[in-house]
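These numbers were taken from a predicted model, which means no experiment stands behind them. Order of appearance sets the numbers: ligands from 1, and atoms from 1 within every ligand.
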Amino acid sequence: MTLHEFVHEHNADLGEPFAQVMDVLETFAKTIREKVSRNGLIEESGDSGGTNVYGENVQKLDAYADKTLTDALLACPAIHAVGSEELETPKTSGNGTGVFTLTHDPVDGSSNIDTNLPIGTIFGLYPKADSILQKGNTQVASGYILYGPSMLLFYAVKGSVNGFTFDPERQTFVLSYENVRVGDKKYYAINEGNWELFFDAEKNYLTTVKNSGDFSGRYIGSMVADIHRTLLKGGIFIYPADKKHENGKLRLLYEVAPLSFLMMQAGGDATSGMTNPLELVPAKHDQRVPIALGSAPLIAQYRSFSPKG
Ligand code: P6P
């Protein structure tokens with residue numbers, strides 16, 4: 001079953017506008033797959049020499065992907081507004097027909113593209129509202145595209161997560177992971193290079209994890225790839241607050257909320273400090289928050305080390 005067929009059969013409650021958005025995402029994914037597979041040979045390779053609104057280095061692919069996806073969404077009748085990690089302010093379509101706002105991180109982990117590591121696109125879909133600063137639990141859908149050895153698209157709606165693999169012969173995504181539930185393996189994913197920055201809660205937690213002999217460490221440094229492994233195999237992904245990143249590094253609106261919503265629909269859990277990240281109203285579009293997400297028992301164990309836990 002193709003993605004298009006699946007959406008029409010299983011998400012009819014979200015209507016034709018939802019199917020239109022998923023079609024835009026599939027077309028975008030095919031475009032980026034083309035670029036990623038020829039990195040180093042094309043104009044969109046390497047560093048743009050510019051910086052984004054946060055003063056971070058922008059890869060040419062970041063800028064290309066952001067413009068490509070944002071423009072395609074603004075031309076979609078279903079879209080009222082688009083928020084992008086790369087844009088200072090959201091853009092509205094002005095089409096009068098839009099019923100959704102989509103937030104996206106067009107290329108997450110782009111610093112890994114030059115080493116041929118997996119990178120991803122993250123998206124969250126909300127009912128049309130006056131502001132994009134909405135709680136993550138108002139999302140009607142969220143998901144990611146993973147550009148790896150195969151290209152995957154996973155998305156969640158309330159109560160279910162399904163995954164699709166891109167078939168180059170058919171030039172479309174085909175259902176490959178139905179009704180995904182978070183795995184039960186014990187992988188932990190955290191950048192241990194930040195050990196000296198960690199607060200005692202993380203140091204005590206990691207010491208317990210290592211002494212248990214039950215866990216394996218895995219860290220790719222591309223959030224979509226780390227989250228995808230955590231979803232399929234199980235485990236915990238952590239980007240905590242630390243002495244240098246007082247609110248963590250990852251952005252609530254563009255990374256944390258969509259991936260937490262997806263993990264929870266697969267039976268997993270997520271915590272930002274001691275708070276459910278989906279209950280947080282972003283104070284600003286690029287608000288960063290600490291995050292741990294993964295299988296519920298491992299999140300509960302991590303929470304128990306929090307000073308307030
Ligand atoms: P660090 C990539 O730059 C990213 O935004 C996420 O994809 C990833 O999880 C994180 O940052 C990695 O950050 O500090 O461990 O390199």
Pairs involving residues 215-229, ordered by first then second residue, that meet salt bridge (charged side-chain N to carboxylate O under 4.0 Å, His left out) (sequence neighbours left out): Asp226-Arg229
Can you give the donor-acceptor pairs under 3.5 Å from side chains of residues 193-207 to other protein atoms, not counting sequence neighbours?
| unit_1 | atom_1 | unit_2 | atom_2 | d |
| --- | --- | --- | --- | --- |
| Glu202 | OE2 | Tyr302 | OH | 2.5 |
| Asn204 | ND2 | Asp200 | O | 3.2 |
| Thr207 | OG1 | Lys203 | O | 2.7 |

Would you check ligand 1 and list the protein residues that come within less than 4.0 Å of it by any heavy atom, ordered by chain and number? Asp108, Gly109, Asn191, Tyr219, Gly221, Ser222, Met223, Phe237, Tyr239, Lys249, Leu250, Glu255
Pair up each side-chain donor or acceptor in residues 65-77 with any protein partner under 3.5 Å, not counting sequence neighbours, and list the distances.
| unit_1 | atom_1 | unit_2 | atom_2 | d |
| --- | --- | --- | --- | --- |
| Asp66 | OD1 | Thr70 | OG1 | 3.4 |
| Asp66 | OD1 | Ser84 | OG | 2.5 |
| Lys67 | NZ | Asp71 | OD2 | 2.4 |
| Thr68 | OG1 | Tyr64 | O | 2.7 |
| Thr70 | OG1 | Asp66 | O | 2.8 |
| Thr70 | OG1 | His104 | NE2 | 3.0 |

Pair Lys30 + Glu26, salt bridge at N-O below 4.0 Å: no
State whether Glu255 and Lys249 are salt-bridged, where the test is any N-O pair (Lys NZ or Arg NE/NH1/NH2 against Asp/Glu carboxylate O) under 4.0 Å. no
Carboxylate-amine/guanidinium proximity below 4.0 Å for Asp214 and Lys186: yes
